[in-house]
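Here is the structure we will look at.
In this chain, numbering begins with 1 at the start of the sequence shown. Only this structure's heavy atoms are used, side chains among them; waters, hydrogens and symmetry mates stay out.
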Amino acid sequence: MSISANDPNRASWLYVNKHSDFPIQNIPFGVFLTREDVITIGTRIGDTAIDLGALHQLGYFDGIPLTDDIFLQDTLNDFIADGRKTWRAVRNRIAEIFDADNETLKNNKKHKEIVCFRLDEIEMQMPVLVGDYTDFYASKEHATNVGTMFRGKENALMPNWLHLPVGYHGRSSSIVTTHIPIHRPQGQTLPEGASKPVFGPSKLVDFELEMAFITTDANDLGEPIPIEEAEDYIFGLVLFNDWSARDIQKWEYVPLGPFLGKNFASTISPWIVTLDALEPFRVESPKQDPKPLQYLVSKGKKSFDINLEAAIKPKGAKETVVSRTNFKHMYWNMAQQLTHHTSNGCPVNSGDMMGSGTISGPTEDSYGSMLELTWRGEKPIKMKDGTKRKFINDNDTVIMRGYCENDDVRIGFGQVKTELLPVFNSKKKK
């Protein structure tokens, strides 16, 4: 089935600003609460949110084999489980319905009032119920920077790093979507020069500029996914801020890796941009040396040219962009990550989330974390309000944005925006 929704010459009868992340060629998927307090699955064109549940009930998806309640749910998991053929058919149909030359819905005032919402009339929700979450460590620049800091330049990369996509299984309970504030975590740390740990607030809270991909039901227990099929099981991508408490992480991570320093919060953007929408922005992956083992050898363009940025906004002040990087820098691509993840027969389900790991580029202003940008706090960054940051302060808001752009179209992810609040204060009744 062709991806007619990607036609760069297509325009919508809905208003779309020329700088919008969400032209009719995007058609992302999300979940939102409507003005009638109804949760529905939807999409977005320009600044208009579209209720797909209502659109389906009104008969606009006739001819596509969908269950009656496929869009009347509070997560996208079941829709994603229907597979690529369904995703593509639905996305193509939405493009047809909102095409400037199609007057069926455009001239039906009653239906439009039921289906279309202004953004200030809705409240975005988590798009999927994340059953399992894996975070990779797949940027060579990031891994080299962190390794250099803690082990020296000669031992920056561990012996396995160039041979496999390193990752760890995290928790999903604290993954939230944009605008939900998080609290500064507490935990054990080992102060400089001390011989015993202390318990208290993390002093080194950091962001990690990442992307994450969402999977469909992919395989049975024991069944590996061949690399040439891996992308068939990737629904789409979101922006991903994988918060980190560097001082907690440093003390606890040996020998089993990240734990409390990572599991207090991660934040995703609310609209999932499909892999289909990103097709025009495929690029070659970085050259891999040594050549990976045969099961990880991928063919064709498996990376994507996605511009990314991170900004810090102190309370009551203007934001300062602290990093600009690109998803195309990732050494290990998504197909390799999913193939390796399932190579031992680990099953992957609809709604599972795979974080890319921090995305750092080759220049100092393209590093994807404060750990790197300030080089462990040795080079503080000056904010527009005159203050300086080594890491993230209480009441700072971290904002991440991402978009692809060529001569024909811009496809974006919107933003993920999170305020860091002070340590949680439990107000118990006496």
- Side-chain donor-acceptor contact under 3.5 Å, Asp276 with Asn6: no
- Taking the six-membered ring for Trp, are Phe71 and Phe79 parallel (under 30°), tilted (30 to 60°) or perpendicular (over 60°)? tilted
- Message: Could you check whether any side-chain N or O of Ser244 sits under 3.5 Å from a backbone N or O of Asp206, counting only pairs where one atom can act as donor and the other as acceptor?
- Response: no
- Message: Taking the basic N atoms (NZ, or NE/NH1/NH2) and the acidic carboxylate oxygens, is any pair closer than 4.0 Å for Glu113 and Lys110?
- Response: no
- So, Lys262 and Glu208, do they make that salt bridge, N to O below 4.0 Å? yes
- Query: So, Thr418 and Asn241: side-chain donor and acceptor under 3.5 Å apart, yes or no?
  - Reply: no
- Task: Measure the shortest side-chain to side-chain distance between Pro270 and His179 over non-hydrogen atoms and say whether it is less than 4.5 angstrom.
- Result: no
- Just say parallel, tilted or perpendicular for the rings of Phe61 and His56, cut-offs at 30° and 60°. perpendicular
- Task: With Arg91 as the cation and Phe29 as the aromatic partner, state whether NZ or CZ is under 6.0 Å from the six-membered ring centre and within 45° of the axis.
- Result: no
- Task: Hey, could you give me each pair passing side chain to side chain donor-acceptor pair (under 3.5 Å) that has a residue in residues 150-170? Not counting sequence neighbours.
- Result: Thr134-His169
- Are Asp21 and Arg401 close enough for a salt bridge, meaning some N to O gap below 4.0 Å? no
- Query: Got a sec, which residues hit side chain to side chain donor-acceptor pair (under 3.5 Å) with Thr177, two or more places apart in sequence or on another chain?
  - Reply: none
- Task: Could you tell me whether Glu319 and Lys417 have a side-chain N and a carboxylate O separated by less than 4.0 Å?
- Result: no
